[in-house]
Protein chains: 2
Amino acid sequence: MPERFGRRIPEPTVVRLPVYQRVLLELSSHGVATISSAELADAAGVNAAKVRKDLSHFGTYGTPGTGYDVDFLLGQIQRELGTDQERPVVIVGIGHLGHALARSQGFAGSGFRLAGLFDSDHKVVGEQVRGVRIRPISDLAGVCRSEKVAVGIITTPAVAAQEVADHLVTAGVGAILNFAPAVLSVPSEVQVRHVDFSAELQVLAFYQAHPEAAPTREAAVTLREARSRRPGPALSMEAGENGGRRALSEGRPGT
Amino acid sequence: MPERFGRRIPEPTVVRLPVYQRVLLELSSHGVATISSAELADAAGVNAAKVRKDLSHFGTYGTPGTGYDVDFLLGQIQRELGTDQERPVVIVGIGHLGHALARSQGFAGSGFRLAGLFDSDHKVVGEQVRGVRIRPISDLAGVCRSEKVAVGIITTPAVAAQEVADHLVTAGVGAILNFAPAVLSVPSEVQVRHVDFSAELQVLAFYQAHPEAAPTREAAVTLREARSRRPGPALSMEAGENGGRRALSEGRPGT
DNA sequence: TACTGTGAAATGGTTCACAGCT
DNA sequence: AGCTGTGAACCATTTCACAGTA
């Protein structure tokens with residue numbers, strides 16, 4: 001029996017769920033009906049054991065001898081991730097990056113809704129991005145409370161980040177995605193994730209300068225390659241012209 | 001003796017290096033002369049043992065009984081990260097995100113130089129961002145080769161990402177920072193790091209929906225708090241008015 | 001005394017390998 | 001025959017705890 005919750009879910013597992021979700025979404029749109037852990041692993045750039053172990057934390061979703069039903073598994077993952085509900089988020093700091101995130105496609109379809117944009121600069125307050133008005137920081141706490149905002153995104157300069165985080169925490173926001181290059185100090189019950197563009201560049205540069213110190217990476221494979229490297233027809237980009245849903249590696253049709 | 005290279009450096013260690021660097025940069029600008037592993041750990045949001053183990057991979061930089069010399073340690077970390085050299089990078093896909101990254105401060109001071117901007121859209125080709133002209137993708141390989149580009153940044157839509165990655169690899173670019181929501185398939189000697197904004201949001205949402213499954217986080221502390229929680233004077237924002245460089249937790253002056 | 005550097009122990013995540021199901 | 005789910009083995013990283021040094 002799978003470990004039906006109460007248990008801790010490893011962070012690396014949770015990080016991989018959105019990747020599986022994306023692959024399954026694409027497979028589903030191509031009319032693929034079932035997929036094995038090995039194929040899903042190829043497409044996600046991980047290995048098959050990891051896929052199976054990851055999924056086993058949530059339930060028994062596969063069928064021995066066949067694999068996983070794409071649409072069913074997709075539904076389960078979306079349920080776990082809460083992609084079905086709409087979580088309100090705010091972005092604080094509407095510079096170029098804040099603008100870019102506000103306009104990105106990452107919200108719709110991933111279960112998030114832009115509940116507010118905030119900036120301290122009087123010159124941008126009042127502007128609209130995607131139909132959402134930019135408000136002054138003084139409105140932040142009020143909006144977070146009234147809209148029950150779950151996640152706050154910080155895209156301010158580093159010097160302002162801690163102050164904004166304090167406002168968010170005070171307003172009851174329980175999760176923060178921080179793009180500012182600063183370490184935030186928040187109560188331990190608040191979740192924080194840090195996205196640091198220049199740190200990522202530096203990590204790449206480091207391993208480039210010291211190849212002998214580099215970890216060995218697992219090679220990923222495109223969906224098309226995942227299919228062609230295993231027995232089965234090539235993955236067509238025109239979804240299922242034969243009408244029926246297919247397994248990713250069923251026997252060649254018409255032979 | 002510290003393990004003087006040849007050895008593998010754990011990825012988590014490399015990821016923390018830029019964080020230490022940033023903290024030390026700030027300490028240095030405040031005129032702080034020395035810092036203990038415990039204080040650096042507080043400011044970086046990690047624990048002291050981790051700081052010491054991380055640094056031990058590179059050399060013996062500390063002084064028992066005293067701690068680390070801020071400027072010396074900063075210099076060593078910058079040397080390890082190669083922050084002293086200027087690495088040329090290109091950005092492919094100059095939408096809102098590409099624009100934002102091109103304009104960001106993350107390049108200068110982190111050891112990177114914008115060597116080229118590329119987009120497939122004829123409408124933006126020819127525009128300038130930060131004095132760098134946007135060129136067509138057909139110029140990509142040529143520029144990468146002639147400028148010896150080390151790192152390629154992909155900020156295209158997901159569908160274009162693999163094709164761009166192929167171009168970069170062909171042109172000899174050995175490291176890719178991928179912002180597109182797609183798993184890239186590249187030769188194993190090419191380093192890839194993936195920054196996925198909406199996946200990060202989903203991870204936060206997941207742990208918010210399942211608090212019982214959440215990992216327990218280590219609480220960080222601001223530089224100011226790091227100092228005040230330990231015996232010593234408050235960290236002043238006006239750098240060293242007493243002229244001399246100070247330890248972060250030296251005894252109270254004038255008592 | 002106060003701190004670093006580091007073996008050794010503990011933890012946590014990954015991979016193996018196979019029993020069991022379809 | 002083929003593939004899942006999962007204990008057990010393995011490996012990497014973190015944390016402990018302390019000998020050694022300024």
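All values below come from the heavy atoms of this structure, side chains included, with hydrogens, waters and symmetry mates left out.
By the 30° and 60° cut-offs, the orientation of the rings of B/F179 relative to A/F197 is tilted.
As rounded to whole Å, 15 Å separates atom C1' of D/dC3 from atom CG of A/D69. Between the P atom of D/dG2 and the CG atom of A/L40 lies a distance of 20 Å, rounded to the nearest Å. If you measure from atom CG of A/L55 to atom P of C/dT14, you get 13 Å, rounded to the nearest angstrom. In this structure, the CZ atom of A/F58 is 13 Å from the P atom of D/dG5, given to the nearest Å.
At the phosphate of D/dT4, neither OP1 nor OP2 sits under 4.0 Å from any side-chain N or O atom of A/T63. OP1 or OP2 of C/dT4 lies within a sub-4.0 Å distance of a side-chain N or O belonging to B/S37. Look at A/Y68 and you won't find any side-chain N or O under 4.0 angstrom from OP1 or OP2 of D/dG2.
Taking A/P157 as the reference, A/V159 meet the side chain to side chain contact (heavy atoms under 4.5 Å, CB included) condition, with sequence neighbours excluded. Listed by chain and residue number, A/R22 satisfy the salt bridge (charged side-chain N to carboxylate O under 4.0 Å, His left out) test with B/D196 (two or more places apart in sequence, or in another chain).
The OH atom of A/Y20 sits 7.5 Å away from atom NZ of A/K50, with the distance rounded to the nearest 0.5 Å. Between the CZ atom in A/F72 and the OG1 atom in A/T63 there is a gap of 9.0 Å [rounded to 0.5 Å].
Residue A/S56 has its side chain nearest to D/dT6 when only D/dT6, D/dT21, D/dT4 are considered.
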B/S/- along nucleotides 8-18 of chain D (protein heavy atoms under 4.0 Å) is B----SSB-B-

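There is no side-chain donor-acceptor pair under 3.5 Å between B/Y207 and A/Q191.
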